[in-house]
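Here the structure is a predicted model, which means the values were calculated and not measured. Throughout, a chain's letter reflects where its sequence line sits, starting with A, and its residues are numbered from 1.
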2 protein chains.
Amino acid sequence: MARVGLTTERLVLAGAELADEVGFDQVTVSELARRFDVKVASLYSHVKNSQDLKTRIALLALEELADRGAAALAGRAGKDALAALANVYRDYAREHPGRYAAAQFRLDPATAAASAGGRHAQMTRAILRGYALTEPDQTHAVRLLGSFFHGYVSLEMGGGFSHSAPDTQETWVRMLDALDALLRNWPASAAATAATTATAATTATTGAETGPASAH
Amino acid sequence: MARVGLTTERLVLAGAELADEVGFDQVTVSELARRFDVKVASLYSHVKNSQDLKTRIALLALEELADRGAAALAGRAGKDALAALANVYRDYAREHPGRYAAAQFRLDPATAAASAGGRHAQMTRAILRGYALTEPDQTHAVRLLGSFFHGYVSLEMGGGFSHSAPDTQETWVRMLDALDALLRNWPASAAATAATTATAATTATTGAETGPASAH
DNA sequence: GTAAATTGCCTAAAAATCTTAGGCAAATAT
DNA sequence: ATATTTGCCTAAGATTTTTAGGCAATTTAC
């Protein structure tokens, strides 16, 4: 019988396209088999199971996103860099909604550790080099930016801001202004200001990061 | 045959508990039937289908969240109110992860309009009364807070900040400090500052809101 | 209190998906 | 040209979703 030339890679890529078309949680081994005009069981030689397929799509999305982020960040600093990375996430989600959803797929710790998640955290941290933040504030800021990027994009994609004025593009621009202002004028810790409490926030930290599917 | 006393309400409540135990997307009519020791088909008299069940769980979660928010906001203003509402979301997600996930369930526009989503938007807007923001900045800020709350909670729940220093509680407190500072010192629009551009950001807006499952 | 109407849970059954086991033929290596 | 590997297949069991129609328990009407 004619061989179609199935590969794990081709399946994952087709799965990512399928996700963009019908939504990540509508991605099914059966539908994928249908698209390759192949029996369902045939896929199980290339992919362990449905979960494995979804995990691989998630890893692909994380890589693509990190690649785009790295390209956007090259040669930029400060607010310019901040806006560039933010736009990468927003644009990617618009162009590839299924893949973006995949990037949020819950990975087991081992897989997450081996994913591109760490690159995302590093990129956010790189942006903060353009602002005068020291640890632990830098980590707090990394987490804040991560929360904001993810939250905004997922709300906008989910229609959370639909059809109401002002339009989302204006909001987006003003939000980036606001975040830039916040980072340039990051408030001192109340504990540090009071300079009285013992359990103050001066513990130096090393490996805390932020980004999709990684520990921040 | 003995009647168990199924009700739409009881099913939805049990579904919410099931979601908290096994995850919202593991909620299945079959499992629910099993828990009531009843045949699957019996549920279809009380719930239209699987999607209907999930929608009802989502609406329940949105109500519960709005109720908690309203209670927390009563008698508070400014940063106190900001922290109170933020903590409501974070605590609810921790206590009821499945319900919180349900609250993110994509509702069709009609259902979303009839949901408690609007209350969430109003609560966020109410907080901003403690800050000197006028439209359209107020709407931008509503959207920023909504993005941040949702993004932070979903990242923390997803393990995005796991096991790295500083701990998330410290980050949480410092983030609320930062957001408070940002709202007290909201940057003027670059367009307004320059006071030159024609398509400036001075359009008055009326019904723009933010909150889960509602238009912001 | 009994008869009639309603309602609740049931059996039965079709369609879809996921997954495993084992087989034959096509590609590849010797 | 033969031997080995590998790719896709058939077959089959388990789950889930959903619809249709039936009988008995409950509620309503007299």
Side-chain angles (χ1 to χ4, degrees), chain A residues 1-60 98-99 101-102 104-108 111, chain B residues 1-60 98-99 101-102 104-108 111:
Chain A
M1 303 247 153
R3 295 190 179 187
V4 189
L6 296 185
T7 308
T8 303
E9 269 193 28
R10 287 188 63 197
L11 287 179
V12 172
L13 205 59
E17 280 158 20
L18 178 57
D20 286 335
E21 289 173 35
V22 303
F24 181 61
D25 33 43
Q26 305 301 316
V27 170
T28 182
V29 242
S30 306
E31 178 59 31
L32 212 49
R34 230 170 274 129
R35 299 214 163 188
F36 280 96
D37 201 23
V38 143
K39 297 298 173 183
V40 193
S42 306
L43 303 202
Y44 282 79
S45 315
H46 306 278
V47 158
K48 252 212 351 269
N49 51 36
S50 187
Q51 159 116 351
D52 180 42
L53 171 65
K54 286 183 175 171
T55 298
R56 287 173 190 274
I57 297 174
L59 293 174
L60 171 71
R99 281 162 153 105
Q104 256 62 58
F105 188 61
R106 189 80 146 96
L107 304 173
D108 63 285
T111 312
Chain B
M1 307 243 152
R3 294 189 179 187
V4 189
L6 296 185
T7 308
T8 303
E9 269 191 28
R10 288 189 63 197
L11 286 179
V12 173
L13 206 58
E17 280 158 20
L18 177 58
D20 287 335
E21 289 173 36
V22 303
F24 181 61
D25 34 43
Q26 305 300 317
V27 171
T28 183
V29 238
S30 306
E31 178 58 32
L32 211 48
R34 230 169 275 131
R35 299 215 161 187
F36 279 96
D37 200 24
V38 143
K39 297 298 172 182
V40 193
S42 307
L43 302 202
Y44 282 80
S45 314
H46 306 278
V47 159
K48 249 206 2 264
N49 50 38
S50 187
Q51 158 116 351
D52 181 41
L53 171 66
K54 286 184 176 170
T55 298
R56 288 173 189 274
I57 296 174
L59 293 174
L60 171 71
R99 282 162 153 105
Q104 255 64 57
F105 187 61
R106 189 82 146 95
L107 303 173
D108 62 284
T111 311

Checklist entry - Among residues 21-30 of chain B, which contact DNA chain D at a heavy-atom distance under 4.0 Å? => result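 The stretch gives B:T28, B:V29, B:S30 as the residues lying under 4.0 Å from the strand, ordered by number.
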Next on the checklist: Which residues in residues 39-52 of chain B have a heavy atom closer than 4.0 Å to any atom of DNA chain D?
Outcome noted: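 Of all residues in residues 39-52 of chain B, the ones placing a heavy atom under 4.0 Å from DNA chain D are B:V40, B:A41, B:Y44, B:N49, B:S50.
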Contact summary for [X] and [Y], nearest pair of heavy atoms:
{"X": "B:V29", "Y": "B:L43", "result": "O-CD1, 3.5 Å"}
{"X": "A:I57", "Y": "A:A102", "result": "CG2-CB, 3.8 Å"}
{"X": "A:T8", "Y": "A:R56", "result": "CG2-NH1, 3.6 Å"}
{"X": "A:L53", "Y": "A:V27", "result": "CD2-CG1, 4.1 Å"}
{"X": "B:T55", "Y": "B:F105", "result": "OG1-CE2, 3.7 Å"}
{"X": "B:V4", "Y": "B:R10", "result": "O-NH1, 3.3 Å"}

Between [N] atom [atom2] and [X] atom [atom1], what is the distance in whole Å?
{"X": "A:F36", "N": "D:dC9", "atom1": "CZ", "atom2": "P", "value": "12 Å"}
{"X": "A:L11", "N": "D:dG7", "atom1": "CG", "atom2": "P", "value": "11 Å"}
{"X": "A:L53", "N": "C:dT17", "atom1": "CG", "atom2": "C1'", "value": "14 Å"}

Item to check | Rounded distance [0.5 Å steps], OG in B:S45 versus CG in B:L6 | outcome: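 Between B:S45 OG and B:L6 CG, I get 8.0 Å after rounding to 0.5 Å.
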Next on the checklist: Between A:F24 and A:Q104, does the side-chain contact (heavy atoms from CB on, under 4.5 Å) criterion hold? Intermediate values first, please.
Outcome noted: CA-CA 10 Å; A:F24 181 61; A:Q104 256 62 58; over 6 Å; no
Next on the checklist: On the side chain of B:R3, is there an atom forming a donor-acceptor pair with the base of D:dT26 - under 3.5 Å, no angle test?
Outcome noted: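 Side chain to base: no pair present.
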Checklist entry - Is there any salt bridge (Lys or Arg N to Asp or Glu O under 4.0 Å) pair reaching into residues 37-49 of chain B, and which pairs are they, with sequence neighbours excluded? => result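 As it turns out, there is no salt bridge (Lys or Arg N to Asp or Glu O under 4.0 Å) pair with a partner in residues 37-49 of chain B once direct neighbours are skipped.
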Checklist entry - End-to-end bend of the helix from C:dG1-D:dC30 to C:dT30-D:dA1 (five-pair axes, 10° rounding)? => result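 One end's axis against the other's: 10°.
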Checklist entry - Does OP1 or OP2 of D:dG7 have a side-chain N or O of A:R10 closer than 4.0 Å? => result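 Indeed not, no polar side-chain atom of A:R10 lies that close.
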Item to check | side chain to side chain donor-acceptor pair (under 3.5 Å) involving A:D25 - partner list, sequence neighbours excluded | outcome: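 Applying side chain to side chain donor-acceptor pair (under 3.5 Å) to A:D25 gives none.
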Could you list the donor-acceptor pairs under 3.5 angstrom formed by side chains in residues 12-21 of chain A, with sequence neighbours left out?
unit_1 : atom_1 : unit_2 : atom_2 : d
A:D20  : OD1    : A:G98  : N      : 2.9
A:D20  : OD1    : A:R99  : N      : 2.9
A:D20  : OD2    : A:H96  : ND1    : 2.8
A:D20  : OD2    : A:R99  : NH1    : 2.6
A:E21  : OE1    : A:R35  : NH1    : 3.1
A:E21  : OE1    : A:R35  : NH2    : 3.0
A:E21  : OE2    : A:R35  : NH1    : 3.3

